[in-house]
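Counting starts at 1 for both ligands and their atoms, in listed order.
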Amino acid sequence: MCGITGYIGGKNAAKEIYEGLRRLEYRGYDSAGAAFTGGGKLTVIKREGKVEKLLPLLGETVSHVGIGHTRWATHGAPSDINAHPHVAGDIAVVHNGIIENYAKLKAGLVESGVKFLSDTDSEVIAHLINKYYSGDLLAALQKTAGLLEGSYAIMAICAGEDRIAVTCKKSPLIIGYGNGENYCASDEPALAGKCDEITVLEDGDFAELTSTSVNVYNGDFRRIMRGREPNLAVSVDLTMGDYPHYMLKEILEVPQSVVRTGTAFASVEEKLKDAFKDVDRVILTGCGTAYHAALVGKRYFESFLKMPAETETAGEFRYKNPVIGGRTAVLAISQSGETADTVEAARLARERGALVIAVTNSHRSQLVRLADVVVPVAAGPEICVAATKSYTGQIAALYLCAATLAGGELNEGKYRALSHVAALAEKVIKNSDVSTVANMCSRSRGTYFLGRDLDYALALEGSLKLKEVSYVPGEGYPAGELKHGPLALIYNRTVAVFIITDKELAVKCENAVEQVVTRGGKAVVITNVDGIVSKLPKKVKHVIRIPKADKYLSVILAAAVVQLLAYRTATVLNRDPDKPRNLAKSVTVE
Ligand code: F6R
């Protein structure tokens with residue numbers, strides 16, 4: 001979603017805001033903008049496109065108070081006009097979230113003679129603050145927030161005032177404390193290296209920042225103290241190094257994501273066992289790639305614990321009136337821990353008495369704050385919009401949960417098994433040549449991923465990754481379903497990628513491969529099953545071999561291959577895999 005950041009202090013706010021926005025660009029890159037105050041004036045700079053477009057425009061701007069925004073468009077197409085900040089009178093505003101009742105608010109303002117410039121929901125905020133402003137910016141923001149429905153993190157400045165007023169509801173907002181300067185941002189990465197301590201605001205909080213003070217108020221507008229925490233983003237390396245894209249860098253970090261998740265899990269093991277004592281059913285939920293990890297996790301719980309396990313995408317779960325009892329554990333899986341549907345699904349599960357387990361890569365997220373137990377995914381910051389190392393980290397975390405709860409040999413061997421597969425993943429990433437297949441996919445009219453059981457779960461992820469970064473259409477399907485419909489799509493311009501890592505099911509997939517080549521389709525096989533190559537039809541020219549591994553963990557090796565394939569296909573087609581069109585990381589709106 002959108003990223004927002006603010007600065008007030010002795011440095012040049014233009015530089016601070018620009019740096020912050022660059023670090024938040026993974027949250028949206030449809031447009032970027034900033035507003036500054038100084039000398040009683042408001043300066044606003046905004047452009048459609050990526051943050052770097054602001055750089056020449058910032059030019060000589062020298063100010064000590066500023067707010068900035070990088071946009072993922074929801075209401076109103078990407079354009080200069082719809083870019084934030086939005087201005088009304090002397091007020092400038094940046095907003096992350098969605099104002100659900102904006103149409104009604106806008107109609108009221110229009111009736112009273114207010115002229116709107118943009119098609120956004122956010123512009124109403126600027127006009128309302130302007131309407132209520134009579135010398136106290138925070139009070140005007142408070143009045144405005146009382147009228148808003150939906151989700152928001154808002155920063156506002158006013159010409160002639162040396163302060164930033166902020167508030168949030170269902171959208172993250174963090175304050176960073178410096179020496180003679182203060183920051184605010186939607187996410188920690190914006191504050192990396194900027195300050196030692198931060199406060200994560202809670203839903204309904206307000207705050208007023210000057211260069212030397214930060215006053216926080218709760219929803220009743222009573223002054224409160226919120227705890228400070230160390231700014232962990234300080235030590236994190238967010239640079240791309242020598243890699244051409246974050247996506248490639250992050251795929252190369254897949255082995256580390258598995259190993260580090262293993263190390264981090266040790267601290268939560270006992271708590272998890274304790275919390276699970278009375279559980280007799282699990283529901284795994286998440287969105288997109290995290291949901292695909294849930295599908296893998298379901299099989300771990302069923303196979304290792306013989307426990308009924310269900311999956312549901314978070315967006316469905318929260319609206320289907322789910323049947324949940326006190327003996328149900330809901331595992332909410334999310335890289336960011338901020339995905340609106342996943343957070344709300346977890347909240348609902350909690351309200352209905354379930355044990356809520358957050359499986360997340362973000363240790364200060366909303367999801368963490370409402371979970372009973374947090375199972376860490378230690379993939380490290382993921383900047384590329386497409387999830388890669390966080391997916392394998394999630395699988396490792398779910399494997400560890402199920403193996404721990406199952407006890408016995410599985411429990412005893414779990415860390416060894418993960419280290420082994422991580423070492424193999426290293427080799428897979430180094431040795432897999434996917435360039436020929438990437439060329440085929442780039443020219444195809446559709447690329448379909450097929451597999452059975454765990455390989456089917458990965459087929460869904462392989463397909464999502466490919467379409468997300470390369471825009472090549474396709475689908476993931478259970479191999480057995482091919483003949484029940486999708487076979488109609490197979491001809492000489494389509495590619496079918498089979499994932500075959502389960503020896504027992506290999507023979508069943510061979511039939512599906514046969515069906516594809518018979519219809520003139522191009523078949524690709526990713527496998528670690530011995531002897532399969534000799535049994536495949538002669539027309540299968542492309543076999544990507546991965547090493548033999550634990551039946552339940554081979555999915556991690558094949559995941560690295562499908563991620564590389566998606567990456568290479570995107571680069572063949574000259575797409576930017578780090579910033580796929582129309583997408584953003586961390587979907588904090590419904
Ligand atoms: C796909 C992708 C998305 C996310 C989804 C959930 O590559 O990145 O499908 O997996 O938006 O995000 P998190 O895990 O942050 O909840």
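Distance alone, capped at 3.5 Å, places no donor-acceptor pair between the Thr342 side chain and the Ala332 backbone. At distances below 3.5 Å, at least one donor-acceptor pair connects side-chain atoms of Thr5 with backbone N or O atoms of Cys184. Counting only distance, with no hydrogens or angles, the side chain of Asp578 and the backbone of His245 share no donor-acceptor pair below 3.5 Å. A donor-acceptor contact shorter than 3.5 Å links the side chain of Glu382 to the backbone of Ser390. A donor-acceptor pair is defined here as one N or O able to donate and one able to accept, closer than 3.5 Å; such a pair exists between the side chain of Asn82 and the backbone of Asp119.
Counting heavy atoms only, Gln335 comes closest to atom 14 (O) of ligand 1 of the residues Lys467, Met247, Gln335, Lys465.
The side chain to side chain donor-acceptor pair (under 3.5 Å) test applied to Gln563 returns no partner, not counting sequence neighbours.
Residue Glu468 has at least one N or O atom closer than 3.5 Å to an N or O atom of ligand 1. Between Gln394 and ligand 1, no pair of N/O atoms sits closer than 3.5 Å. Remark: ligand 1 and Gly288 share no N or O pair separated by less than 3.5 Å (distance only, no angle test). Of the polar atoms of Ala387, at least one N or O is found under 3.5 Å from an N or O of ligand 1, judged by distance alone. Not a single N or O atom of Lys585, backbone or side chain, sits closer than 3.5 Å to an N or O atom of ligand 1.
Residue Ser336 approaches ligand 1 through these ligand atoms, each under 4.0 Å from one of its heavy atoms: 13 (P), 15 (O), 16 (O). Heavy-atom proximity to Val385, at under 4.0 Å, picks out these atoms of ligand 1: 8 (O). Of all the atoms in ligand 1, the ones that sit under 4.0 Å from a non-hydrogen atom of Ala290 are 10 (O), 14 (O). Atom numbering of ligand 1 starts at 1 in the shown order; those under 4.0 Å from a heavy atom of Ala386 are 7 (O).
Because its NZ or CZ atom is both nearer than 6.0 Å to the ring centre of Tyr471 and within 45° of the ring axis, Arg581 counts as a cation-pi partner of that residue.
Distance CG/Leu201 to NZ/Lys169: 15.0 Å, rounded to 0.5 Å.
The protein atom (non-hydrogen) at minimum distance from atom 11 (O) of ligand 1 is Val587 CG2, 4.0 Å. Annotation: atom 3 (C) of ligand 1 to nearest protein heavy atom, Thr289 N, 4.1 Å. The closest protein non-hydrogen atom to atom 5 (C) of ligand 1 is Cys287 O, 3.5 Å. Ranking protein heavy atoms by distance to atom 12 (O) of ligand 1, first place goes to Thr339 OG1, 3.4 Å.
Remark: Lys298 does not engage Glu310 in a salt bridge, criterion side-chain N to carboxylate O under 4.0 Å.
Note on ligand 1: Gly286 sits outside its first shell, no heavy atom being nearer than 4.0 Å.
Sorted by first and then second residue, the salt bridge (Lys or Arg N to Asp or Glu O under 4.0 Å) pairs with a member in residues 439-457 read Arg299-Asp453; sequence neighbours excluded.
In Glu338, neither the side chain nor the backbone holds a heavy atom less than 4.0 Å from any atom of ligand 1.
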